[in-house]
J.: 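My structure is below; once you've seen it, I'll send some questions.
Source: prediction; values computed, not measured.
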Amino acid sequence: MKVKKIPLRSCVITKEKLPKQELLRIVKTKEQEVKVDPTGKMNGRGAYIKKDKAVLEKAKKTKALAKHLEIEIPDEVYQEIERIIEEGVNNE
């Protein structure tokens, strides 16, 4: 039986290569909007960050996510990311 390959993606903050399930995709759409993409299938330029509060804080402080997507990230997006991370922690 063939072993299924697990797709790895890089976190733009920590540069770690992790399975997609451990990462959260943030997308810049053609309309220049920034959205959280829990499905991983939304159209637009994507950036992955690790589902970890420390990584999120580092992303806010260094503005690495904004630099990667080449657009300013609104506070609402950071709040939504934080909510998704907290829900993930509570479900484990």
Side-chain angles (χ1 to χ4, degrees):
M1 192 171 158
K2 217 176 185 184
V3 177
K4 190 171 180 177
K5 188 178 165 206
I6 299 170
L8 296 176
R9 300 290 181 268
S10 293
C11 173
V12 296
I13 311 304
T14 64
K15 308 289 189 242
E16 289 177 86
K17 289 219 179 265
L18 298 162
K20 282 176 77 172
Q21 295 86 353
E22 294 178 31
L23 298 165
L24 189 59
R25 186 166 184 254
I26 315 303
V27 178
K28 178 176 91 171
T29 64
K30 286 184 178 170
E31 293 80 32
Q32 301 300 310
E33 296 176 314
V34 179
K35 297 188 177 185
V36 179
D37 180 15
T39 64
K41 296 178 178 11
M42 200 179 280
N43 286 335
R45 177 162 175 79
Y48 291 91
I49 68 163
K50 189 175 178 182
K51 291 181 183 174
D52 186 344
K53 275 193 170 185
V55 173
L56 178 62
E57 290 304 316
K58 187 175 178 185
K60 279 185 195 177
K61 218 180 284 178
T62 63
K63 296 191 184 325
L65 201 54
K67 288 174 192 164
H68 190 80
L69 293 175
E70 300 171 348
I71 192 168
E72 193 63 38
I73 312 290
D75 284 338
E76 297 83 50
V77 173
Y78 284 124
Q79 290 166 359
E80 188 176 349
I81 295 168
E82 191 170 345
R83 185 183 52 79
I84 291 169
I85 290 170
E86 285 174 356
E87 284 175 5
V89 170
N90 293 339
N91 291 339
E92 291 177 0

J.: OG1 of T14 to NZ of K17: how many Å apart, nearest 0.5 Å?
T.: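 That separation rounds to 11.0 Å.
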
J.: Given 3.5 Å as the limit, does a donor-acceptor pair link the side chain of D37 with the main chain of M42, or not?
T.: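 Yes, the answer is positive, given that a donor and an acceptor are paired below the 3.5 Å cut-off.
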
J.: Tell me whether V34 is reachable from L65 by hopping between hydrophobic residues (I, L, V, M, F, W, Y) whose side-chain heavy atoms are closer than 4.5 Å.
T.: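 L65 and V34: one cluster.
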
J.: Enter the distance from K51:NZ to L18:CG here, rounded to the nearest 0.5 Å.
T.: 11.0 Å

J.: Rounded to the nearest 0.5 Å, what separates atom CD in E70 from atom CZ in R45?
T.: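 CZ of R45 is found 6.0 Å from CD of E70.
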
J.: Which residue in the set D52, I81, V55 passes side chain to side chain contact (heavy atoms under 4.5 Å, CB included) when paired with L24?
T.: I81

J.: Counting C-beta onward and ignoring hydrogens, is there a side-chain heavy-atom pair between V77 and V36 closer than 4.5 Å?
T.: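 Yes, their side chains come closer than 4.5 Å.
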
J.: Determine whether a donor-acceptor pair (N or O, by modelled atom type, separation under 3.5 Å) exists between the side chain of K67 and the backbone of T62.
T.: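 Checking the backbone N and O of T62 against the side chain of K67, a donor-acceptor pair under 3.5 Å is found.
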
J.: Going only through I, L, V, M, F, W and Y residues with side-chain contacts under 4.5 Å, is there a path from I26 to I84?
T.: yes

J.: So R83 and E87, salt bridge (Lys or Arg N to Asp or Glu O under 4.0 Å) or not? Walk me through it.
T.: CA-CA 6 Å; R83 185 183 52 79; E87 284 175 5; 2.9 Å; yes

J.: Answer yes or no: is there a side-chain heavy-atom contact under 4.5 Å between K50 and I13?
T.: no

J.: Identify whether I85 and L23 are in the same connected component of the hydrophobic contact network (ILVMFWY, side-chain heavy atoms under 4.5 Å).
T.: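 No; tracing contacts between hydrophobic side chains, which count when under 4.5 Å, never links both residues.
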
J.: Using 0.5 Å steps for rounding, measure from the NZ atom of K60 to the OH atom of Y78.
T.: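 One finds 8.0 Å between NZ of K60 and OH of Y78.
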
J.: For A47 and V12, work out which heavy atoms get closest and say how close.
T.: CB-CG1, 4.0 Å

J.: side-chain contact (heavy atoms from CB on, under 4.5 Å) between E86 and K53: does it pass, once the steps are laid out?
T.: CA-CA 8 Å; E86 285 174 356; K53 275 193 170 185; 2.8 Å; yes

J.: Taking the basic N atoms (NZ, or NE/NH1/NH2) and the acidic carboxylate oxygens, is any pair closer than 4.0 Å for E80 and K35?
T.: no

J.: Return the CD1 to CD distance between I71 and Q32, rounded to the nearest 0.5 Å.
T.: 4.5 Å

J.: Rounded to the nearest 0.5 Å, how far apart are CG of L56 and CD of Q79?
T.: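 Rounded to the nearest 0.5 Å, the CG-CD separation comes out at 10.5 Å.
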
